[in-house]
A.B. asks: 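One structure, as structure tokens, below. Some questions next.
Letters A, B, ... are given to chains in the order of the sequence lines, protein chains preceding strands, and every chain is numbered from 1. Small disclaimer: the values here were computed from a predicted structure and weren't measured. Every heavy atom of this structure was used, including side-chain atoms; hydrogens, water molecules and symmetry mates were not.
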Amino acid sequence: MNIVHADFAVENYDLPATLGSGQAFGWRCGPQGWTGVVNGRWVRLRAGGGRIAAETAAPAADWQWLRHYLQLDVNLPEILAAFPSDDAALQAAVRACPGLRLLRQEPWECLACFICSSSKQIVQIQQITALLSRRFGEPLPVPPGEEPAYSFPGFARLADVSESDLRECKLGFRAPYLRGTAQKLAAGEGDLGRLAKLSLDEARAELLKLPGVGMKIADCVLLFGYGFPEAFPVDVWIMKALRRHYFPRRSVTPARLRRFIRSHFGPRAGYAQQYLFHYMRVIENARGTK
DNA sequence: TCCCAGGCTGCTT
DNA sequence: AAGCAGCATGGG
């Protein structure tokens, strides 16, 4: 089995923070780097010295799929410079983790994983999605001596899986949601590929038609899967941050909150969201419980 | 034992 | 329209 290497020069790219920041759930950190599956290929990544080194198990014609996934061509300093300068909380989050990036994941996998995510901790989402891959995905070529790896099962495959089989993957009450969404897509009711050509609001409206998909999950898919940079998923962590920093001692209606997000964070609000999320969840939390 | 987790749905007011 | 119980499962 051939092992194929590549090397990318990067600036302002914090690979561990990006792969571990709760936007993708398939990456595992080991002594030799971060191992995961991108578009049906086993990959290991290692960062250092202004470079990201990549290793795969099978030769590919080019590396565009990985550059696209890692969003290597995004001009991060330009995005960070456009954040509101008078926002102390956001600026602190940026200073704490200046190379945090957004990935561009495959939309179906992203959608399925976030349907599994509701009211779950990130570690558990990782476990659930790993079970789905192992059980219903296809085995992938890996270098000798490596753990087996599996593709993430497509919606056609999951549409044929019984609810109890999904529950055995620890999906709990999310099982009928994932099954329902997979069946709808398999039946041609909804075309994920078409969403990329729509506006943010139009694409969100399409996602909201799927079972188990509300505002939060829709915005995650729009941000992490389709690359709409203004999508701003509001989960419990972000809600905590927004209340604390922007609405102390005030109740906020969802409509007012959305208006605030749009006007305050601007057209790249999704990046601001990821910085606030990571700061709240990892950095502030670690400081508080140390 | 209790509270919470990258929520959504459907039923009550 | 807004509030809220219920939904599985596991971590701290």
A.B. asks: Hey, does A:Arg167 reach any base, or is it just sugar-phosphate, or nothing, if we go heavy atoms under 4.0 Å?
C.D. replies: sugar-phosphate
A.B. asks: Which helical stems does DNA chain C take part in, if a stem means at least 3 consecutive Watson-Crick or G-U pairs with both distances below 3.5 Å?
C.D. replies: B:2-5 with C:9-12, B:7-13 with C:1-7
A.B. asks: Using salt bridge (charged side-chain N to carboxylate O under 4.0 Å, His left out), reason through A:Glu146 and A:Arg44 one step at a time and then give a plain yes or no.
C.D. replies: CA-CA 11 Å; A:Glu146 295 296 332; A:Arg44 180 151 56 210; 3.0 Å; yes
A.B. asks: Under 3.5 Å, is there a donor-acceptor pair between the A:Ser85 and A:Gln91 side chains?
C.D. replies: no
A.B. asks: Between A:Arg104 and A:Gly225, which heavy-atom pair has the shortest distance, and what is it?
C.D. replies: CD-O, 3.4 Å
A.B. asks: Hey, does A:Ser21 reach any base, or is it just sugar-phosphate, or nothing, if we go heavy atoms under 4.0 Å?
C.D. replies: base
A.B. asks: What's A:Ser119 touching, base or sugar-phosphate or nothing? Going by heavy atoms closer than 4.0 Å.
C.D. replies: base
A.B. asks: Classify A:Gln274 by what it touches in the nucleic acid, base, sugar-phosphate, or nothing, heavy-atom distance under 4.0 Å.
C.D. replies: base
A.B. asks: DNA chain B: A:Pro211 or A:Lys120, which has the more 5' nearest nucleotide?
C.D. replies: A:Lys120
A.B. asks: Mind checking A:Gly214 for me? I need base, sugar-phosphate or nothing, with any heavy atom below 4.0 Å counting as a touch.
C.D. replies: sugar-phosphate
A.B. asks: Does A:Val234 reach a base, just sugar-phosphate, or nothing at all? Heavy atoms under 4.0 Å.
C.D. replies: nothing
A.B. asks: At a heavy-atom distance below 4.0 Å, what parts of residues 258-266 of chain A sit against DNA chain C?
C.D. replies: none
A.B. asks: Within the stacking criterion (centroid distance below 5.5 Å, interplanar angle below 30°), does A:Phe277 stack on B:dG6?
C.D. replies: yes
